[in-house]
Amino acid sequence: MPSAKGMVPEHHPRFIGTYWGAVSTAFCSEIVESADAYLFAGPIFNDYSSVGYSLLLKKEKAIIVHPNHVVIGNGPAFGCVLMKDFLMALAKRLKHSNVAYENYHRIFVPDGKPLKSAPKEPLRVNVMFQHIQEMLSSETVVIAETGDSWFNCQKLKLPEGCGYEFQMQYGSIGWSVGATLGYAQAVPEKRVIACIGDGSFQVTAQDVSTMLRCGQKTIIFLINNGGYTIEVEIHDGPYNVIKNWNYTGLVDAIHNGEGKCWTTKVFCEEELVEAIATATGPKKDSLCFIEVIVHKDDTSKELLEWGSRVSAANSRPPNPL
């Protein structure tokens, strides 16, 4: 499930992606939901993780393993059973079956590529993430901010050893700036690549000051689309439009000539390629802040789908008492 991305090695030959209902990795939900039975280890089925409670799962086919109890279908719940004990015991009793993987292999079609950009064409988000994919290695970490970065980062294929952090249960806007600071401080041998929307950044921007004071070498992609895009898809209104900042100017002011910091704005693919080359080359030991200017309506197809379903669930009348 999306919150566990990064915990399972994606180079494993039986890894087929993320199960997230209607916005799952291609061909993943079809395999999960058509299975004879499914085992969920530690799930939280809230409105966000269930895509507005629209998962096509049948309770009678589910085994739900919680940290300290297990629920079987519609029936018995076994208390005082630790997840690790249950899974270790179950692994010894299971008979190997290739059926699900063979079904997946039959229906699988490789990913397509974004349309090629015209020279100096305004940058599209899917093109940006194609280039971020190429940056990933065992020496990098991805931090995905609440918002459209949830969906774009879920689609990244993590190489062996590449870290990933994602926070969805609370939908906490601005979470990633502090998380980026903490991760870079705790694991200095890896380079953090943070994908942060402009609205989220405005909530916790001051943490950049501590990043610089600690000499961190993070790469921040500040995605400037002029508002809270994920909120627009759930419930649109004028409150989702924010005051535009000079983000690179703000970071330059925080830098104030102390420490290593490099900032730039990019408007097209050519400028993005040049910025990434600089951030991973001459400025590899600096905090690099790349402000990416994109259209306000440029979103992933997954956000459009997810937003519509969550909006339908959350705007329904309350249940009668």
Side-chain angles (χ1 to χ4, degrees), residues 3 5-6 128-129 132 135-150 152-153 156 158 161-230 242-266 272 275-276 278-293:
S3 288
K5 185 177 174 71
M128 181 185 80
F129 276 92
I132 291 175
M135 298 172 68
L136 304 186
S137 72
S138 61
E139 299 177 350
T140 58
V141 176
V142 176
I143 305 281
E145 174 57 88
T146 300
D148 200 24
S149 290
W150 274 357
N152 288 305
C153 290
L156 293 173
L158 304 181
C162 180
Y164 187 91
E165 295 297 332
F166 168 87
Q167 183 282 121
M168 188 177 67
Q169 304 306 345
Y170 299 99
S172 180
I173 289 175
W175 161 86
S176 70
V177 188
T180 296
L181 164 63
Y183 201 117
Q185 193 66 9
V187 192
E189 64 272 19
K190 288 185 181 282
R191 194 163 196 197
V192 177
I193 299 171
C195 303
I196 307 174
D198 49 350
S200 298
F201 185 75
Q202 288 196 7
V203 180
T204 48
Q206 70 276 14
D207 277 337
V208 170
S209 180
T210 309
M211 295 179 196
L212 286 167
R213 183 169 61 83
C214 294
Q216 296 179 359
K217 55 184 181 181
T218 293
I219 300 174
I220 295 176
F221 288 97
L222 187 287
I223 303 162
N224 185 346
N225 56 12
Y228 291 111
T229 304
I230 190 168
I242 60 175
K243 171 73 177 70
N244 190 38
W245 289 2
N246 180 354
Y247 293 96
T248 54
L250 172 67
V251 173
D252 288 337
I254 294 172
H255 174 214
N256 196 26
E258 298 176 17
K260 295 181 179 180
C261 181
W262 177 74
T263 66
T264 189
K265 294 180 193 280
V266 301
L272 176 68
I276 291 173
T278 301
T280 55
K283 299 296 181 181
K284 67 180 186 298
D285 294 322
S286 301
L287 187 146
C288 296
F289 185 90
I290 302 172
E291 181 181 351
V292 182
I293 312 298

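What's counted below: heavy atoms across the whole structure, side chains too, no hydrogens, waters or symmetry copies.
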Side-chain donor/acceptor of [X] to backbone N/O of [Y], under 3.5 Å:
X	Y	result
Lys5	Leu156	yes
Gln206	Ser209	no
Gln202	Lys243	yes
Arg191	Glu139	no
Thr140	Leu136	no

Which atom pair, heavy atoms only, marks the closest approach of [X] to [Y]?
X	Y	result
Ala205	Ile254	O-CD1, 4.3 Å
Lys260	Asp285	CD-O, 3.6 Å
Lys190	Val141	CD-CG2, 3.4 Å

Notebook entry, point to check: What orientation do Phe201 and Trp245 show, parallel under 30°, tilted 30 to 60°, or perpendicular over 60°?
Noted result: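 The rings of Phe201 and Trp245 stand perpendicular, inter-plane angle above 60°.
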Interatomic distance, [X] atom [atom1] to [Y] atom [atom2] [nearest 0.5 angstrom]:
X	Y	atom1	atom2	value
Ser200	Glu145	OG	CD	3.5 Å
Ile223	Ile293	CD1	CD1	11.0 Å
Gln216	Gln185	CD	CD	5.0 Å
Asp198	Asn224	CG	CG	4.5 Å
Thr248	Lys265	OG1	NZ	3.5 Å
Leu181	Leu212	CG	CG	10.5 Å

Notebook entry, point to check: What's the verdict on side-chain contact (heavy atoms from CB on, under 4.5 Å) for Met128 and Asn152, showing C-alpha distance, side-chain angles and the deciding distance?
Noted result: CA-CA 10 Å; Met128 181 185 80; Asn152 288 305; over 6 Å; no
